[in-house]
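See structure below.
We use all heavy atoms of the structure for the numbers below, so side chains are in, but hydrogens, waters and symmetry mates are not.
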Amino acid sequence: MKQNKKIRFDEDEGPKGGEGVNTKNKEWDLDGSHANKRSSEMGVGGSDPKQPRRNGRKIVNFDSDDEDEDEGEDEDQQHNRRTDYLKIKMKARTLLEDRKKLPVYKVKDRLVPKIISSRVSIVIGETGSGKSTQIPQFLMKRCKGAIAVTEPRRVGAINLATRVAEEYGCIIGREVGYSVRFSNATSRKTRLKYMTDGMLLREMMLDPTLSKYSMVVVDEAHERTILTDMMLGLLKQLVTDKRKHDSEFRIVVMSATLDADKFSHFFDNAPIYFIEGRMFPVERLYLQQSVDDITDAMVKAIIGVNQGERAGDILCFLPGQDDIDKVTSLLKRLAPELPKEAPLIIPLPLYAALPPAQQMKVFERVKPSQRKVILSTNISETSVTVPGIRFVIDSGLRKVKVWRHELGLSTLLTVPISKASASQRTGRAGREAPGKCFRLYKESDYIKLIENTEPEILRSEIVSPVLMLKRLNVENILGWNWLENPGREALSSALQQLYSLNALSDTGKITDMGRKMVVLPVAPHLAAVLIQAREYDVLDPVIDIVSCLSVDTLVLTPANDRRDEINAKRRDACTLGSHYGDLLMLKELFDIYNGLSGAAERKSWCKDVGVSYKGFKNVLRIRKQIQGYMQHIPDDLANSEDQNQTLDASLILKSFLKGFVTNTAIGMPDRSYRTVTTGDTVSVHPSSLLFGKKLDAIMYIEHVYTAKGYARNVSSIELDWLQEVAPHYLGLRVNVES
DNA sequence: GAGCACTGC
């Protein structure tokens, strides 16, 4: 067995920082009198934070895939192409000077041979080290085949590929390209491909040995998304596998934090390489007393920092939209009344549910007499980087969706963050100059925080991951080489669900049905619905509905004063929906949207019935993709060509019942419902068209627990259908070991 | 009579 050697590449110069480096812990209080002295010096490399990043290194933070863009053809295209080529090459040459300044560039000649020489390497690169852009390029020159670099997010993959193509000196999609859902910029020439980890997993479902690639670089592994965890497990399997074992296949795991030992241990003590980052020191300050009202504490802290600290914007972390809206409106009210010596506070909310135009406001400049205060959820921890931040105020809280296997429902909880997350939030203040992080909790509370955020796979439903493993013929799911084993309960629940969806046989092997399901870009339950719908000859309307269900913010919650009006409008527009429920409503809404001619007309209609215009645009994209995939899935029955033209509500709902038999409940005399599986009480969510109706039985797509157990996306069903659609499902258990 | 953090195919 190899030695677990950790090699550190140090830089001689440059600012240092990060948690525990050059920093001292201090206490502060909410009333403004900081325990520390005020510092007046501008930090190392104190560039104007309002200036855009150097040499066009503009950080595009939001995905703006606009379909309306159209590029016209030019007449003297050839001439243009030649000048473009020269421009690209010149750009690359100027960028090279910047690249040479990156910490990773300086250790290139020592690092690259080491990576090449071992089958698996772990690279720890701190923020600003340049690992994600540089290491893949270095490796490109040293290895023959194609390299896949996986990212957890679409925007990340696209931005990195765009940047690297510039540095390399090619048009995006030639030697350097990317592949994400709905957007592919690769060609036969592509040797370096940035992609989402979901994309690589998809490729693995079609080509389990990844024969196209001679190297896979897993970036941001420390984020521990379900898909990254799955990929690491599969890559380990691949590298132990004979075919790849003898070849030149290489794996690089890149991570930002120091939890590299886990990855190293997982890959049989793979060597770890450490590359220093380019972070400025950030001072951390704690409260002496804990607070009980987090929004009140946040407002006080913001006002205190605004009055006591030098120029620079403030980034505040709060758990959710609710708190953010509260603090924002309070600050808007208070700001004009505050002392005029201090900058004027410009509060800006930032969370995923916010319309993109409002999100973009955090990037707009403000006057020198003003100070941006960004009130954000966890979105600023990883997905959005706002420039100009010098101060962070951290509530120490976040919201997390937790799946309860035993109950088959999810809950949304507000919980304390981990130390790793606290450090990540703190680092947001030290990207451009030294900064400060004010923590709205005591140091003794910090010490009690868990080291790392619990990996997502431990708190999620894992039906889809288990189906992937079955597709790759993993026999013993419980004993598979999980980076984190989700546990017997979660696994057996997943196996049981797959069995009842006919994705697994009673010996636990994947069925033809399962093979069809695994390639569809929807949850296994919805995949089962699609396949059933084709047998019932109602595929088209079901694809429309499934596409609608795949967009999470399609049907909006109306403001209180428009509630009744909007509900009435929806009811009027959806005759079938009013009778059969929300799935048919989605179909009817979709048809109306699709029937409208122009964008303006569609937009105003969306506003009228309280649905998202952008959401419906996404529905159309997903619908097109599903239609394409369904054409490639063999149809055993080979149905007659003529499709049902009328909307057969009962056949549509029976198709859905195929995937959601376990999500059914029987009506009780008191208008409540008892679930068929556990007998627990479940209520129809007030957003449903069927809210308040008395029905024999219901089927729902989602079961959430907030104030109480709610069924969402509810349909009215007949009890006979249960027997007809799934006569065998009740009371069956699958052995986990099988 | 509700309110949802974030991401992916």
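- In terms of position along DNA chain B, the nucleotide closest to A/Lys399 lies nearer the 5' end than the nucleotide closest to the other residue of the pair A/Val522 and A/Lys399.
- Atom OH of A/Tyr178 and atom P of B/dC9 are 12 Å apart (whole Å).
- With rounding to whole Å, A/Trp403 atom CH2 is found 20 Å from B/dC6 atom P.
- Across all strands shown, A/Glu456 has no heavy atoms under 4.0 Å from either base or sugar-phosphate atoms.
- Summarising the geometry, the separation between CG on A/Asn184 and C1' on B/dC9 is reported as 14 Å, rounded to the nearest angstrom.
- Rounding to whole angstrom units, CG of residue A/Leu412 and P of B/dG3 are separated by 10 Å.
- Distances shown here put every side-chain N or O of A/Gln625 at or beyond 4.0 Å from the OP1 or OP2 atom of B/dC9.
- Considering only side-chain atoms of A/Ile379, the nucleotide from B/dG1, B/dC9, B/dT7 that sits closest is B/dT7.
- Residue A/Asn560 is classed as a base contact, given a heavy-atom separation below 4.0 Å to a base.
- Closest approach to the A/Arg154 side chain among B/dC6, B/dA2, B/dG8 is made by B/dG8 (side chain taken as heavy atoms from C-beta onward).
- For B/dA5, the OP1/OP2 oxygens have no side-chain nitrogen or oxygen of A/Thr414 closer than 4.0 Å.
- When heavy atoms are screened at a 4.0 angstrom cut-off, A/Arg202 is found touching the sugar-phosphate backbone but no base atom.
- Ion pairing between A/Glu456 and A/Arg224 fails under the 4.0 Å rule for side-chain N and carboxylate O.
- For the OP1/OP2 pair of B/dC9 and a distance below 4.0 Å, the side-chain nitrogens and oxygens of A/Ser464 include no atom meeting the criterion.
- Between A/Met468 and the choices A/Val474, A/Ile462, A/Ile510, A/Leu201, the side chain to side chain contact (heavy atoms under 4.5 Å, CB included) rule is met once, by A/Leu201.
- A donor-acceptor contact under 3.5 angstrom links the side chains of A/Asp582 and A/Ser688, judged on distance only.
- In this model, a donor atom of one side chain and an acceptor atom of the other lie less than 3.5 Å apart for A/Arg428 and A/Thr385.
- The side chain to side chain donor-acceptor pair (under 3.5 Å) pairs that include a residue from residues 317-330 of chain A are A/Asp325-A/Tyr351, where partners are two or more places apart or lie in different chains.
- The distance from atom CG of A/Asp229 to atom P of B/dT7 is 18 Å, rounded to the nearest whole Å.
- For A/Pro521, whose side chain is taken as the heavy atoms from C-beta onward, the closest listed nucleotide among B/dC9, B/dA5, B/dG1 is B/dC9.
- Between the CG atom of A/Asp552 and the P atom of B/dG3 there is a distance of 16 Å, rounded to whole Å.
- Partners of A/Ser672 by side chain to side chain donor-acceptor pair (under 3.5 Å), not counting sequence neighbours, listed by chain and number: A/Asp670.
- For A/His685, the side chain to side chain contact (heavy atoms under 4.5 Å, CB included) partners at least two apart in sequence or on another chain are A/Ser687, A/Tyr710, A/Arg712.
- Within residues 701-710 of chain A, the residues approaching DNA chain B are A/Thr706, A/Ala707, A/Tyr710, by heavy-atom distance under 4.0 Å.
- Residues satisfying the salt bridge (Lys or Arg N to Asp or Glu O under 4.0 Å) test with A/Glu461, not counting sequence neighbours, are none.
- Rounded to whole Å, atom C1' of B/dG8 lies 14 Å from atom NZ of A/Lys401.
- Side chain of A/His685, nearest nucleotide from B/dC9, B/dT7, B/dA2: B/dA2.
- At a threshold of 4.0 angstrom between heavy atoms, the contacts of A/Thr196 are confined to the sugar-phosphate backbone, with no base atom among them.
- Remark on DNA chain B: of its neighbouring residues A/Leu520 and A/Tyr351, the 5'-side contact belongs to A/Tyr351, judged by nearest-heavy-atom nucleotide.
- Note on A/Asp323: nothing from the nucleic acid sits closer than 4.0 angstrom, heavy atoms only.
- OP1 or OP2 of B/dG1 has not a single side-chain nitrogen or oxygen of A/Ser687 nearer than 4.0 Å.
- Rounded to whole Å, the distance from CZ on A/Arg471 to P on B/dC9 is 19 Å.
- Listed by chain and residue number, A/Arg153 satisfy the salt bridge (Lys or Arg N to Asp or Glu O under 4.0 Å) test with A/Glu223 (two or more places apart in sequence, or in another chain).
- A/Pro524 comes within 4.0 angstrom of no nucleic acid atom, judged by non-hydrogen atoms across all strands.
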